[in-house]
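Notes for the one structure printed next.
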Amino acid sequence: MPAQLIDGVKLSQQLRADIARRAAELTAQGHQPGLAVIIVGDDPASHVYVRNKVKACGEAGFHSVLEKYEADFSEAALLERIAALNVDPAIHGILVQMPLPKHIDPSKVIEAIATTKDVDGYSVLSAGELVANLPGFRPCTPYGCMKLIETTGIDLRGKHAVVVGRSNTVGKPMALLLLQANATVTICHSATPDLGYHTRQADVIVAAVGRRNTVTADMVKPGAIVIDVGMNRNDEGKLCGDVDFDGVSEVASHITPVPGGVGPMTITMLLMNTLESAERGLAKKQVAVDPAAGMIPKPDIA
Ligand SMILES: Nc1nc2c(c(=O)[nH]1)N[C@@H](CN(C=O)c1ccc(C(=O)N[C@@H](CCC(=O)O)C(=O)O)cc1)CN2
């Protein structure tokens, strides 16, 4: 039987409807969620992504600001903009679109964003919160992958998950999220000698290397869940993932397509992180006004 498709567009629509409902509740309390999106340079794909982020904000009822800068915008000026947004009470999330032009150090920029507004979850502190199982922002793409896996209804406890790729933004946080869900996790990467040996043992495969046909049907255990994070172009210029979709669909139980799988979830989870940031901000404000609001009520003693 061919694999069941895990539909990221449909799941995004469902989650975004709930996000919009929660945003309306916050707005009614005078606390509309707000996202600042910064883009430097003229990469056409990045401009499409930021436009989609701003559009998604509008549809969810968020306030958003889009700051576009020329490719020669200086690192110092960018850090100044971030410092201003860090103290802007209308902004609950700050996102700097990656990649940045070569003269700007991405880690300096990421670390300049206040941890409470790091809705990309890219900073060292956010990564540490994830390692330590503390509440914080989870990077949007792996967070979206977890939501996609959840739709299968399969409990990850005791399952073997193999993550292919070890980037700081996808592979490593993905492995930590799977670990949090009680999976046994293996991380494979460019120096792993026999990738198929590992993937053939996996109940869940997450492919995030950026090379097409990295995972083929002979590398997949029958009934496995296969999540494809890759975004590549084939010889005809058509968008494709890291997984040979047609072949693997004959073996897996569930599979995400490219496009229409992980991609749309990245923006949805950005909205989710921004919403959660605004909700945390409101809870803090309420405790500041009424310190008892943050306390657990004592039971009545008769
Ligand atoms: N600061 C960030 N920069 C980048 C991130 C990020 O999460 N934060 N991720 C990527 C780009 N990205 C969002 O920014 C992104 C990529 C792809 C998609 C998407 O919906 N893809 C579609 C296909 C789109 C197409 O046809 O080209 C899909 O897979 O269905 C959304 C967002 C790098 N930079």
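Just so you know, ligand 1 is whichever comes first in the structure, and atom 1 is the first atom listed for that ligand.
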**Asked** Would you call Asp88 and Lys117 a salt bridge, taking side-chain N to carboxylate O under 4.0 Å as the test?
**Response** no
**Request:** Do me a favour and list the nearest non-hydrogen protein atom to atom 8 (N) of ligand 1 with residue, atom name and distance?
**Result:** Asp120 OD1, 3.0 Å
**Message:** How far is atom 34 (N) of ligand 1 from the closest protein heavy atom, and which atom is that?
**Reply:** Met98 O, 2.9 Å
**Complete:** Note: ligand 1 atoms sitting under 4.0 Å from heavy atoms of Thr266 are 7 (O)
**Asked** Do you know the tightest heavy-atom contact between Asp228 and Val262?
**Response** O-CG2, 3.4 Å
**Minimal non-hydrogen separation, Arg212 against Cys240, with atom names** = CD-SG, 3.7 Å
**Item:** Glu67 (side chain) donor-acceptor with Ala36 (main chain) under 3.5 angstrom
**Value:** no
**Request:** Decide whether the shortest distance between a heavy atom of Cys140 and an atom of ligand 1 is less than 4.0 Å.
**Result:** no
**Message:** How far is atom 5 (C) of ligand 1 from the closest protein heavy atom, and which atom is that?
**Reply:** Tyr122 OH, 3.7 Å
**Greater than 12 external heavy atoms within 6.0 Å of Arg211's CZ** = no
**Prompt:** What atoms of ligand 1 come closer than 4.0 angstrom to any heavy atom of Lys53?
**Reply:** 8 (N), 13 (C), 14 (O)
**Message:** Quick one: does any side-chain atom of Ser123 pair with a main-chain N or O of Thr115 as donor and acceptor, under 3.5 Å?
**Reply:** no
**Request:** Find out whether Ile149 and Leu178 are in side-chain contact, i.e. whether some heavy atom of one side chain is under 4.5 Å from a heavy atom of the other.
**Result:** yes
**Prompt:** Do any non-hydrogen protein atoms sit less than 4.0 Å from atom 10 (C) of ligand 1?
**Reply:** no
**Prompt:** What is the closest protein heavy atom to atom 32 (C) of ligand 1, and at what distance does it sit?
**Reply:** Tyr49 CD2, 3.7 Å
**Request:** State, to 0.1 Å, how close Leu179 and Val185 come at their nearest heavy-atom pair, and which atoms those are.
**Result:** N-CG2, 3.7 Å
**Request:** Quick one: look up the protein heavy atom nearest atom 4 (C) of ligand 1 and list residue, atom name and how far away it is.
**Result:** Gln97 NE2, 3.5 Å
**Prompt:** Is Met231 close to ligand 1, meaning an N/O of one under 3.5 Å from an N/O of the other?
**Reply:** no
**Asked** Which is closest to atom 30 (O) of ligand 1 in terms of heavy atoms, Pro142, Ser46, Gly263, Gly260?
**Response** Gly260
**Prompt:** Can you tell me if Gln97 uses its side chain to pair, donor with acceptor, with the backbone of Val37 under 3.5 Å?
**Reply:** no
**Fill in**
If you compare Leu239, Asp228, Thr141 by their heavy atoms, the one closest to atom 26 (O) of ligand 1 turns out to be Leu239
**Message:** Tell me whether Pro99 has any N or O atom under 3.5 angstrom from an N or O of ligand 1.
**Reply:** no
